[in-house]
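Worksheet for the structure shown next.
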Amino acid sequence: MESNFVDYVKIYCRSGKGGKGSMHLRHVKYNPNGGPDGGDGGKGGSVILRGNHNYWTLLHLKYERHIFAEHGGNGGRDKCHGTDGKDVYIDVPCGTVVYNAETGKYVCDVTHDGQEIVLLKGGRGGLGNFQFRSPTNQAPRYAQPGEPMQEMTVILELKLLADVGLVGFPNAGKSTLVSSVSNARPKIANYPFTTMEPSLGIVGYRDNKSFVMADIPGIIEGASEGKGLGLRFLRHIERNSLLLFMVPGDTDDIRREYEILLNELQRFNPELLDKHRVLAVTKCDLLDEELMDMLRETLPQDLPTVFISAVTGFGLEELKDVLWRELNTESNKLSMVMAEDSLVHRDKDITTFAEEMAFEGEDEDLFIDDEDIEYIEEDDIEDIS
């Protein structure tokens with residue numbers, strides 16, 4: 001069954017062109033030389049992105065592959081102004097980043113509910129010949145055409161907004177932890193890549209406080225090069241304030257697994273290493289106190305480490321305390337403010353861009369030529385005889 005979680009769509013967008021100005025000379029019974037009275041053309045509609053917190057995926061845009069704004073109406077006689085084309089609003093979830101599909105260049109970012117960004121501006125309407133009248137040119141016989149439309153094929157890419165992002169190999173216990181500390185119910189099973197799509201859970205804390213935890217599919221060595229589900233979901237942790245690394249306690253070398261995960265993040269985006277990190281050693285119901293003390297000595301001393309068992313609840317309260325403390329440190333808040341723009345303004349690596357589009361099934365050509373669409377427009381030049 002196809003998943004309802006869609007975080008990657010490719011859309012062809014086009015704004016409206018401006019209406020043509022009218023070139024008309026007024027002829028009435030008692031005023032045969034009434035002069036120019038051609039009206040201006042209307043403004044073309046714009047394509048506008050709008051943040052909407054009611055959406056959490058891009059599913060509603062998956063099959064809406066072409067988005068066109070209305071063209072402006074042509075000007076008419078008696079100084080009639082052409083109608084303005086209607087703007088088209090594209091509602092997207094907060095955390096959506098837009099890239100040019102042809103070049104991979106960053107275009108814009110929607111982060112707040114109600115935020116509006118003009119993606120493509122509609123063309124201005126042309127001036128009618130009434131606007132060109134002067135004492136030395138009392139019967140101008142020309143008018144302006146409207147400005148042309150703008151068009152662009154864009155990639156809309158959702159990056160989940162969460163406080164804590166879970167990073168770990170498949171079957172590290174990420175989904176079990178999310179289900180234990182929140183009301184989220186991700187699928188849990190004893191085989192690799194059980195989690196096929198990200199999920200968010202709201203973790204309750206003391207005094208009615210809470211924070212958001214994001215569970216993404218497991219990372220394997222080589223994920224930054226496209227192995228496993230790496231390229232598809234690594235981008236979701238770019239927006240997390242804090243990274244929680246999870247390594248099972250029965251692993252042969254916990255520190256080595258942690259370093260492999262860290263290396264994959266560095267290769268995907270070096271700026272991820274600037275985020276605060278916490279290490280959780282999972283499945284500790286299989287360990288005794290003496291063994292946990294021995295393992296602590298082999299782990300990085302400057303890294304906050306918590307031993308937990310999501311099944312029995314061991315260490316979960318301590319983990320919440322550590323996560324809350326790290327989330328609210330001044331250095332973490334400052335680093336998030338400084339990195340807010342630099343993370344989202346990075347252009348796509350064009351070498352992997354085509355692979356991503358092919359993986360998502362978004363590599364077909366969405367361009368539509370004007371000849372494929374029939375427009376019914378009134379004549380722009382009136383009969384002046």
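Keep in mind it's a predicted model, so treat the numbers as computed, not measured.
Not counting sequence neighbours, T298 has no partner by the side-chain contact (heavy atoms from CB on, under 4.5 Å) test. In this structure T312 satisfies the side-chain hydrogen bond (donor to acceptor under 3.5 Å, both in side chains) test together with S309, sequence neighbours excluded. In terms of the side-chain contact (heavy atoms from CB on, under 4.5 Å) criterion, residue partners of C80 (sequence neighbours excluded) are, by chain and number, D78. When the side-chain hydrogen bond (donor to acceptor under 3.5 Å, both in side chains) test is applied to D87, no partner is found at least two apart in sequence or on another chain.
Listed for the Q144 side chain is a donor-acceptor partner under 3.5 Å among the backbone atoms of L127. Judged by distance alone, with hydrogens and angles left aside, the side-chain atoms of N129 form a donor-acceptor pair with the main-chain N or O of P140 at under 3.5 Å. With hydrogens and angles disregarded, no donor-acceptor distance shorter than 3.5 Å links the side chain of N240 to the backbone of L242. Formation of a donor-acceptor pair under 3.5 Å by the R65 side chain with backbone atoms of K10 is found in this model. Of the possible donor and acceptor atoms, none in the side chain of N100 sits under 3.5 Å from a partner among the backbone N and O of K105. The backbone N or O of D253 sits nowhere less than 3.5 Å from a side-chain atom of T251 that would complete a donor-acceptor pair.
Here ring pair (Phe, Tyr, Trp, His ring centres under 6.0 Å) pairs that include residues 136-166, with residues two or more places apart or in two chains, are F132-Y142. For residues 161-172, no pair satisfies salt bridge (charged side-chain N to carboxylate O under 4.0 Å, His left out), with sequence neighbours left out. Identified under the ring pair (Phe, Tyr, Trp, His ring centres under 6.0 Å) test for residues 309-329, with sequence neighbours left out: Y205-W324. Residue pairs meeting the salt bridge (charged side-chain N to carboxylate O under 4.0 Å, His left out) criterion with at least one member in residues 312-325, sequence neighbours excluded: R206-D321, E317-K320. Contacts classified as salt bridge (charged side-chain N to carboxylate O under 4.0 Å, His left out) and involving residues 286-305 (residues at least two apart or in different chains) are given here: D293-R296. Residue pairs meeting the salt bridge (charged side-chain N to carboxylate O under 4.0 Å, His left out) criterion with at least one member in residues 116-132, sequence neighbours excluded: R124-E147. Pairs passing the ring pair (Phe, Tyr, Trp, His ring centres under 6.0 Å) check and including a residue from residues 146-165, sequence neighbours excluded, do not occur.
Other cluster members for V118: I48, Y89, joined by side-chain heavy-atom distances under 4.5 Å among Ile, Leu, Val, Met, Phe, Trp and Tyr.
A salt bridge links D91 to R50: one of the charged nitrogens lies within less than 4.0 Å of a carboxylate oxygen.
Taking 4.5 Å as the limit, some side-chain heavy atom of V181 sits within range of a side-chain heavy atom of L316.
No option in H24, H27, R133, K79 other than H24 meets the side chain to side chain donor-acceptor pair (under 3.5 Å) test with D37.
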